[in-house]
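In what follows, chains are A, B, ... by sequence order, proteins preceding strands, each numbered from 1.
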Amino acid sequence: METYDPQAIEAKWQRVWEDERAFYTDDPEPGEEREKFYMLEMLPYPSGDLHMGHVLNYTLGDVLTHFRRRHGLRVLRPMGWDSFGLPAENAAIREGGHPRQITDRNIANIERQMHRLGWAIDWDRVIAAHDPAYYRWTQSLFLRFFEKGLAYRKEAPVNWCPNDQTVLANEQVINGRCERCGAVVEARKMEQWFFRITAYADALLEDHKLLDWPERTITIQRNWIGRSEGAELLFRIEDLDIDAAVFTTRADTVFGATFFVLAPEHPLVDTMIERSPHGDEIRDYVRIAMARRGEERAAAEEKTGVFTGLTATNPATGEEIPVWVADYVLMEYGTGAIMAVPGHDERDREFAERFGLEVRQVVDEERGVLIDSGDFSERPVDEAKRAVVGWLASLGRGRPAVSFRLRDWGFSRQRYWGCPIPIVYCGSCGIVPVPDDQLPVLLPEVEDYRPKGKPPLASNEEWLNVPCPSCGGPGLREADTMDTFVDSSWYFLRYCDPRNDDAPFSRELVDFWMPVDQYVGGIDHATGHLLYSRFWVKVLNELGLVGFREPFARLFHQGWVRQGGTKMSKSRGNVTAPDQLADMYGADAVRLYILFVGPADQDMDWTEEGVEGIARFLRRLWRIVHEAAASGDSAAEGPLARKAHETIAKVTDDIGRRFVFNTPIAAVMELVNELGRDPSAAGARFAAETAVSLIQPYAPHVAEELWSALGHERLWEQDWPVADESQLVRRTFELVIQVNGRVRDRVEASVGESEAELVERAMASPRVQAHVDGKQVRQTIVVPDRLVNLVV
RNA sequence: GCCGAAGUGGCGGAAUUGGCAGACGCGCCGGACUCAAAAUCCGGUGGGCCGCGAGGCCCGUGUGGGUUCGAUUCCCACCUUCGGCACCA
């Protein structure tokens with residue numbers, strides 16, 4: 001027996017797998033019989049180095065990949081790169097070089113590290129967001145959205161750094177200041193691109209029922225979409241000769257609406273500035289309010305606002321109530337205007353108290369009924385909500401309405417390193433899409449990635465100025481690029497048909513592979529990537545490009561691997577990178593360890609204490625399996641064989657049904673411990689084969705080597721072992737005997753004994769007798785084949 | 001403030017349907033091997049108490065209650081930690 005040399009055997013088997021194309025997946029044959037399984041982990045951003053979070057994510061996926069493959073499924077398990085985005089651009093600005101060079105270098109490095117870990121990936125299907133062969137189709141799909149009116153431009157506030165003359169992403173704003181220069185960030189309005197995801201709000205909620213997802217993820221999405229049922233009510237503003245609509249979920253409180261408030265951005269405000277005697281004050285207020293960013297407004301100590309000098313008519317009471325403009329009312333929600341009911345709304349009350357406005361109680365909170373509300377007085381709140389809306393509707397002053405918290409998805413980025421938006425602005429034709437046959441719109445070279453008051457792409461005049469595709473007149477290209485969430489909203493479709501030059505993907509292939517059967521990724525993407533991808537697939541479905549409505553049938557969230565937390569830096573100093581760890585202990589040890597330390601769906605503080613234990617286990621496994629191979633008896637019965645069958649059942653259930661990845665390792669350790677007591681015992685060979693076979697998804701290299709030592713080959717394509725049910729049936733068991741719920745003795749008993757027999761055994765125990773001690777047994781509880789409890 | 005998740009030995013964790021708390025591993029202790037150490041192997045290891053010993057008793061899953069013959073598991077309240085959201089009418 002040679003000593004266990006992880007480096008050598010890992011290199012050896014990785015070469016074999018590559019030579020045999022073991023983990024590459026061909027397109028389905030016509031009349032394909034094998035069931036498909038699409039295994040996918042979230043698209044990684046190619047930072048320079050793999051970290052332990054990646055190792056957890058992809059090892060988990062790898063275990064499932066091997067497990068499903070060995071169940072005879074045709075498994076697709078691809079990999080690619082979310083390779084556009086700010087980090088590469090920042091690195092280019094900081095250190096020089098081109099974002100493309102930096103990105104390509106990082107991809108090469110991280111890909112090498114991935115190979116080092118031995119993951120079973122179909123590297124033929126690799127895609128990269130920044131590859132023109134990919135982003136031409138991102139652009140093409142964008143055009144389909146544009147044609148349907150689902151991609152549009154509108155003015156919206158952005159974070160603007162007045163010093164750097166640039167738009168900042170939310171994560172670049174730290175406490176209201178620019179992360180780079182520290183200048184106070186302002187809100188500025190710009191024309192930007194949006195996807196009309198709000199049009200799919202109901203569909204996104206409705207189709208949750210099609211998903212086998214963690215409940216909390218669905219809850220997060222549901223809250224994010226924020227569907228509220230209520231009503232739109234009309235308030236007459238006589239001075240302007242218009243009706244202004246408000247959204248409310250508390251139509252029952254309309255009798256208590258003592259003032260009316262518009263958001264500063266509300267379109268009517270301009271009219272008011274013109275027509276109101278207080279026009280100047282309104283204008284001043286609006287200017288100040290609009291310069292404040294959303295978070296600043298929310299964080300303000302006290303609510304601010306300005307009286308417009310106008311009044312609106314409360315449709316329920318007929319009273320004239322004052323109209324105010326205040327920035328605690330958000331233009332983005334509802335109608336951008338509210339009826340203020342300070343008697344029953346905390347925010348309205350705060351405002352009313354500050355400005356001395358009337359507060360009127362119209363609901364008796366204790367009894368839950370309306371008061372001082374005309375004909376509706378004494379009616380319960382829920383009933384009154386409907387009744388009031390019905391009444392106002394009959395007067396033409398209201399209607400039931402639904403409002404959503406969800407906003408449209410702004411995907412313009414005033415950045416260089418992203419997918420160009422294939423649009424040309426023409427003086428005579430307006431917004432003109434670049435025709436499909438002129439795609440891709442390639443990302444041009446620029447001299448400086450820093451935006452100086454305009455997006456970086458706009459600095460390349462030659463690129464920027466193009467003839468209008470429609471009329472041939474002078475045109476200007478769109479200089480914004482796309483949010484990287486656009487790239488990742490359809491990559492899982494491209495994997496199904498990654499080298500298609502004629503279309504983003506063939507419908508036949510995506511309909512075969514999709515939906516993703518098992519998706520694995522962080523819960524941090526609950527309201528971003530996961531929602532956007534669902535939206536895209538719904539649109540593509542309506543366009544007839546795909547035959548399904550949901551992209552990810554089943555979802556699993558791995559926990560966070562925290563590194564460098566106070567706990568660990570104190571105890572151990574530096575953290576070792578995964579590939580260094582692999583150099584020290586081997587890839588198999590790293591893979592086993594990351595899954596062994598705890599449940600994969602829970603957060604963990606990374607520590608290397610314990611990796612030695614895994615390395616020790618692998619050396620033990622190596623030695624014991626070799627011993628069993630030399631002298632092991634291949635009997636398929638006896639205690640060791642039974643233990644092996646129990647382990648098969650446990651591991652299969654844990655991975656396949658429970659989605660638990662740490663306990664199977666413990667189960668195999670137990671089997672190996674038992675085998676180690678006598679590697680030449682009856683059934684030892686079978687136990688060794690079982691242990692090797694079961695550990696293969698976790699530690700494929702050493703498993704393959706040991707499988708050879710046992711005289712077999714190609715473990716990676718062997719069927720997953722099946723537990724022999726007859727071996728699992730026990731004839732005897734250890735009867736637990738309790739007195740008053742406390743365990744007092746354990747005795748052997750036969751399976752299937754009657755309650756009376758079990759009680760008799762219990763009473764026969766001297767230890768039990770000592771506790772019963774002549775007392776009256778008042779009750780006996782018997783759990784067949786398990787336990788007896790005597791109550792005295 | 002609101003929503004969610006979680007609190008189990010010195011440590012990471014296990015206990016799947018209300019039925020033997022602490023599997024498996026780390027660490028630690030003892031032993032074997034060794035001139036010695038490392039590695040390896042064997043044994044022990046929740047706390048307290050009683051017993052020369054075999055063994056026995058009590059306490060114990062964040063805290064306090066409850067349901068139950070029986071609770072880490074179910075219910076109520078509270079504490080702590082970690083996430084997410086935060087003027088959404």
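With rounding to whole Å, A/Q769 atom CD is found 17 Å from B/rG56 atom C1'. The nearest whole Å value for the distance from the CG atom in A/L758 to the C1' atom in B/rG19 is 14 Å. Note: CD (A/E755) to P (B/rC69) measures 16 Å, nearest angstrom. The distance between atom CG of A/L262 and atom P of B/rC87, rounded to the nearest whole Å, is 19 Å. Here B/rA89 presents its C1' atom at 13 Å from CD of A/E332, a figure rounded to the nearest Å. We find that CD of A/Q558 is positioned 17 Å from P of B/rG83, with the value rounded to whole Å. Rounded to an integer number of Å, the gap from A/D603 CG to B/rG83 C1' is 8 Å. In this structure, CG of A/D524 is placed 15 Å from C1' of B/rC82, rounded to the nearest angstrom.
Under the side-chain hydrogen bond (donor to acceptor under 3.5 Å, both in side chains) criterion, A/T317 pairs with A/E319, sequence neighbours left out. For A/Y333, the ring pair (Phe, Tyr, Trp, His ring centres under 6.0 Å) criterion is met by no residue, not counting sequence neighbours. Residues meeting the side-chain contact (heavy atoms from CB on, under 4.5 Å) test with A/E332, sequence neighbours left out: A/L330, A/R407. By the ring pair (Phe, Tyr, Trp, His ring centres under 6.0 Å) test, A/H626 pairs with A/W622, sequence neighbours left out. For A/F404, there are no ring pair (Phe, Tyr, Trp, His ring centres under 6.0 Å) partners, not counting sequence neighbours. Under the side-chain contact (heavy atoms from CB on, under 4.5 Å) criterion, A/D5 pairs with A/Q7, A/A8, not counting sequence neighbours.
Neither OP1 nor OP2 of B/rC85 sits under 4.0 Å from any side-chain N or O of A/R405. Note on A/S228: a side-chain N or O is less than 4.0 Å away from OP1 or OP2 of B/rA89. Residue A/R658 places at least one side-chain N or O under 4.0 Å from the OP1 or OP2 atom of B/rA15. The phosphate of B/rG56 (OP1 or OP2) has a side-chain N or O of A/R767 nearer than 4.0 angstrom. For B/rC20, the OP1/OP2 oxygens have no side-chain nitrogen or oxygen of A/R744 closer than 4.0 Å. Dashed line: the shortest gap from a side-chain N or O of A/H771 to OP1 or OP2 of B/rG56 is not under 4.0 Å.
Near-neighbour residues of RNA chain B inside residues 779-789 of chain A, defined by a heavy atom below 4.0 Å, number-ordered: A/Q779, A/I781, A/V783, A/R786, A/L787, A/N789.
Between A/E755 and A/E760 the shortest side-chain heavy-atom distance does not fall below 4.5 Å. Counting heavy atoms from C-beta on, the side chains of A/Y285 and A/T304 come closer than 4.5 Å. Side-chain atoms of A/K643 and A/E670, non-hydrogen and from C-beta on, do get closer than 4.5 Å to each other.
One P atom belongs to B/rG4, the other to B/rG12, and the distance between them is 27 Å to the nearest Å. B/rG62 and B/rA5 have their C1' atoms separated by 15 Å, with the value rounded to a whole Å. Here, B/rC57 and B/rG51 have their P atoms 16 Å apart, quoted to the whole Å. B/rU67 and B/rA77 are spaced 15 Å apart, taking the C1' atom of each and rounding to whole Å. Here, B/rG22 and B/rU73 have their C1' atoms 15 Å apart, quoted to the whole Å. Spacing between B/rC78 and B/rG84 at atom C1', rounded to whole Å, works out to 23 Å. Taking atom C1' in both B/rU61 and B/rA38, the straight-line distance is 39 Å, to the nearest Å. The separation of B/rG9 from B/rG25, taken at their C1' atoms, amounts to 14 Å, rounded to a whole angstrom.
Taking the six-membered ring for Trp and the full ring otherwise, the centers of A/W409 and A/Y532 sit less than 6.0 Å from each other.
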**Report entry** Nucleotide-level pairing of RNA chain B, given in dot-bracket where Watson-Crick and G-U pairs need both distances under 3.5 Å and | marks other strands
**Finding:** (((((((..(((......[....)))((((((.......))))))(((((....)))))..(((((..]....))))))))))))....

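When heavy atoms are screened at a 4.0 angstrom cut-off, A/V261 is found touching no nucleic acid atom at all. Base contact: A/L330 has a heavy atom under 4.0 Å from a base atom.
Cation-pi check for A/R554 over A/W213 is not met; the charged atom does not lie both under 6.0 angstrom from the ring centroid and within 45 degrees of its normal. Figure legend: A/K303 and A/F351 shown without cation-pi pairing, the cationic atom not lying both under 6.0 angstrom from the six-membered ring centre and within 45 degrees of its axis.
The side chain of A/Y333 has B/rA89 as its nearest neighbour among B/rC41, B/rA89, B/rC58. Taking the side chain of A/R742 as heavy atoms from C-beta on, and the options B/rC20, B/rC59, B/rC87, the nearest nucleotide is B/rC59.
In this model, a side-chain donor or acceptor of A/R657 finds a partner on the base of B/rU16 within 3.5 Å.
For the residue pair A/E725 and A/H645, no side-chain donor N or O sits within less than 3.5 Å of a side-chain acceptor on the partner. Between the side chains of A/R534 and A/H208, at least one donor-acceptor pair of N or O atoms lies under 3.5 Å.
Glycosidic conformation at B/rG9 (O4'-C1'-N9-C4 for purines, O4'-C1'-N1-C2 for pyrimidines): syn, within 90° of 0.
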Protein and nucleotides 3-10 of chain B: nitrogen or oxygen contacts under 3.5 angstrom:
none

For nucleotides 23-32 of chain B, give me every protein contact, N/O to N/O, under 3.5 Å, one pair per line with atom names.
from: B/rA23; atom 1: O2'; to: A/E670; atom 2: OE2; distance (Å): 2.9
from: B/rG25; atom 1: OP1; to: A/N673; atom 2: ND2; distance (Å): 3.2
from: B/rC26; atom 1: OP1; to: A/R616; atom 2: NH1; distance (Å): 2.8

Using atom types as modelled, flag every donor-acceptor pair under 3.5 Å from a side chain in residues 589-598 of chain A to any protein atom, sequence neighbours excluded.
from: A/R591; atom 1: NE; to: A/Y698; atom 2: O; distance (Å): 2.8
from: A/R591; atom 1: NH1; to: A/D62; atom 2: OD2; distance (Å): 3.1
from: A/R591; atom 1: NH1; to: A/L117; atom 2: O; distance (Å): 3.0
from: A/R591; atom 1: NH1; to: A/G118; atom 2: O; distance (Å): 3.2
from: A/R591; atom 1: NH2; to: A/D62; atom 2: OD2; distance (Å): 2.7
from: A/R591; atom 1: NH2; to: A/P697; atom 2: O; distance (Å): 3.0
from: A/Y593; atom 1: OH; to: A/T607; atom 2: O; distance (Å): 2.8
from: A/Y593; atom 1: OH; to: A/E609; atom 2: O; distance (Å): 2.7

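Heavy-atom nearest nucleotides on RNA chain B were determined for A/S403 and for A/I220, and the one closer to the 5' end corresponds to A/I220.
Pairs passing the ring-ring contact (aromatic ring centres under 6.0 Å, His included) check and including a residue from residues 649-672 of chain A, sequence neighbours excluded, read A/F556-A/F659, A/F659-A/F661.
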Report task. Assess whether side chain to side chain contact (heavy atoms under 4.5 Å, CB included) is satisfied between A/R250 and A/V381, documenting all intermediate values. Result -> CA-CA 9 Å; A/R250 293 296 308 274; A/V381 165; 4.1 Å; yes

